[in-house]
Colleague: 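Pasting a structure here, questions to come.
Keep in mind that this is a model prediction, so the values were computed, not measured.
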Amino acid sequence: MVFLTSTPLITRADVTFWIAVGGFALSVFNAVSKWINSRESYRLELIDYAYRSQNVVQFLICVSNLSASPLTLTEISVFGIICERMPKKIYGKPGEWNFRHTAEFPLCIPARSSKFYYLEFVDRHNGFPTLSPGKTVIFETRSTFQRKQKTVLLSSESHYLHTRA
């Protein structure tokens, strides 16, 4: 006489094993996702520029922090000249609503946000090439973790750095 025994297709050990594998896969996914979202990532956009003299150029830029962590820019340079670090008047009078001044370093941008900065570069020795639409400018930024170069094609001047106020 032959006895047929029934063996379950899925045992409790199999279920436990697949739950453990799924949990491990989710923790790896979460760790990688958190690392990708918090790594330094930002965009620099040129809003306006002004050629004040052979030795002074000014820029209005927008820095957008694309990461989930705060961003700190410690230095920005153009044509090998580092941006002035202490605030200088752009236009308006201190205390009035339209007063604008250059950025004070370091620049701190909260996670997933953008900030506008006026920058001034002074080269007392060689001077700067003339800025005009169609020319390119290379911004070199230094942050807490890396140094990046961003090439920007100059478009038409805007009104932010070209007011009489």
Side-chain angles (χ1 to χ4, degrees), residues 22-53 55-124 128-165:
F24 176 74
L26 282 174
S27 12
V28 168
F29 173 79
N30 284 336
V32 169
S33 174
K34 184 176 180 179
W35 176 76
I36 287 171
N37 286 331
S38 67
R39 77 181 193 280
E40 188 174 277
S41 177
Y42 60 94
R43 183 176 55 236
L44 186 139
E45 296 175 65
L46 181 63
I47 308 300
D48 196 11
Y49 59 94
Y51 184 83
R52 295 292 182 216
S53 70
N55 300 81
V56 178
V57 293
Q58 294 175 336
F59 296 96
L60 172 59
I61 64 168
C62 177
V63 180
S64 301
N65 184 1
L66 306 174
S67 73
S69 298
L71 170 68
T72 301
L73 294 179
T74 57
E75 180 180 288
I76 298 178
S77 63
V78 170
F79 304 113
I81 303 299
I82 296 171
C83 181
E84 294 290 297
R85 296 187 177 275
M86 295 306 292
K88 291 183 178 180
K89 175 186 166 185
I90 296 291
Y91 60 83
K93 293 180 182 176
E96 291 184 358
W97 69 272
N98 67 343
F99 177 68
R100 298 292 181 262
H101 60 82
T102 59
E104 184 173 359
F105 281 80
L107 307 179
C108 300
I109 300 102
R112 306 230 187 267
S113 66
S114 299
K115 285 196 173 184
F116 292 89
Y117 296 103
Y118 289 97
L119 305 176
E120 183 172 82
F121 298 87
V122 179
D123 185 2
R124 290 171 175 69
F128 295 102
T130 305
L131 301 177
S132 60
K135 289 192 174 184
T136 58
V137 175
I138 299 173
F139 286 88
E140 187 171 310
T141 60
R142 183 190 301 177
S143 64
T144 310
F145 299 110
Q146 64 184 345
R147 188 178 278 275
K148 265 187 176 178
Q149 284 190 346
K150 168 85 170 156
T151 303
V152 177
L153 181 65
L154 298 179
S155 60
S156 299
E157 295 173 339
S158 188
H159 65 280
Y160 299 101
L161 287 167
H162 300 90
T163 62
R164 296 197 186 271

Colleague: Can you tell if the side chain of Val137 reaches within under 4.5 Å of the side chain of Leu46, non-hydrogen atoms only?
Modeller: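 No, their side chains stay 4.5 Å or more apart.
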Colleague: Which atoms form the tightest heavy-atom contact between Lys89 and Phe99, and what is the distance?
Modeller: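 Residues Lys89 and Phe99, closest heavy atoms: CG-CE1, 3.8 Å.
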Colleague: For Tyr49, run the side chain to side chain contact (heavy atoms under 4.5 Å, CB included) check against Leu60, Leu119, Leu131 and tell me which one passes.
Modeller: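 Of Leu60, Leu119, Leu131, side chain to side chain contact (heavy atoms under 4.5 Å, CB included) with Tyr49 is met by Leu131 alone.
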Colleague: For a 4.5 angstrom cut-off between non-hydrogen side-chain atoms, does Arg85 reach Glu104?
Modeller: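 Arg85 does not reach Glu104 side chain to side chain.
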Colleague: Using the ring of each side chain (for Trp, its six-membered ring), is Phe139 parallel, tilted or perpendicular to Phe59, with breaks at 30° and 60°?
Modeller: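 If you compare the ring of Phe139 with that of Phe59, the planes turn out perpendicular.
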Colleague: Any non-hydrogen side-chain atom of Phe121 less than 4.5 Å from a side-chain atom of Phe79?
Modeller: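 No. Closest side-chain heavy atoms not under 4.5 Å.
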Colleague: Under 3.5 Å, is there a donor-acceptor pair linking the side chains of Glu40 and Ser143?
Modeller: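 Yes - a donor-acceptor pair under 3.5 Å links their side chains.
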Colleague: Quick one: closest heavy-atom pair of Ser67 and Ser69, and the distance?
Modeller: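 Result for this residue pair: OG-O, 3.0 Å.
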Colleague: Do side-chain atoms of Asp123 reach the backbone of Asn55 as a donor and acceptor pair under 3.5 angstrom?
Modeller: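 Looks like no, no N/O pair under 3.5 Å.
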Colleague: How far apart are the closest heavy atoms of Ala68 and Arg112, and which atoms are they?
Modeller: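 That would be CB-NH2, 3.9 Å.
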Colleague: Can you name the residues that form a side chain to side chain donor-acceptor pair (under 3.5 Å) with Glu120, not counting sequence neighbours?
Modeller: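 If we apply the side chain to side chain donor-acceptor pair (under 3.5 Å) test to Glu120, skipping adjacent residues, the hits are Gln58, Lys88.
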Colleague: Identify the two heavy atoms, one from Arg43 and one from Leu66, that lie closest to each other, and give their separation to 0.1 Å.
Modeller: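 That closest heavy-atom pairing would be NH1-CD2, 4.1 Å.
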Colleague: Could you check Tyr42 against Thr141 for side-chain hydrogen bond (donor to acceptor under 3.5 Å, both in side chains), going step by step and ending with a plain yes or no?
Modeller: CA-CA 11 Å; Tyr42 60 94; Thr141 60; 2.5 Å; yes
Colleague: Within the distance-only criterion (no hydrogens, no angle test), does the side chain of Ser64 pair as donor or acceptor with the backbone N or O of Ser114 below 3.5 angstrom?
Modeller: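 Between the backbone of Ser114 and the side chain of Ser64 there is no qualifying donor-acceptor contact (under 3.5 Å).
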Colleague: Rounded to the nearest 0.5 Å, what separation is found between the CZ atom of Phe145 and the OG1 atom of Thr72?
Modeller: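 Answer rounded to 0.5 Å: 8.5 Å.
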Colleague: Are there more than 12 heavy atoms of other residues, nucleotides or ligands under 6.0 Å from atom CZ of Phe116?
Modeller: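 Counting neighbours around CZ of Phe116, 12 or fewer heavy atoms of other residues, nucleotides or ligands fall under 6.0 Å, so no.
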Colleague: With the side chain counted from C-beta on, respond yes when Glu75 and Glu140 share a heavy-atom pair under 4.5 Å apart, and no when they do not.
Modeller: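 Answer no - side chains too far apart.
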Colleague: So, taking the atom named CG in Asn65 and the one named CD1 in Ile109, what distance separates them when rounded to the nearest 0.5 Å?
Modeller: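 These two atoms lie 6.5 Å from each other.
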Colleague: How close do Phe105 and Leu73 get, heavy atom to heavy atom, and via which atoms?
Modeller: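 Shortest heavy-atom contact: CD2-O, 3.8 Å.
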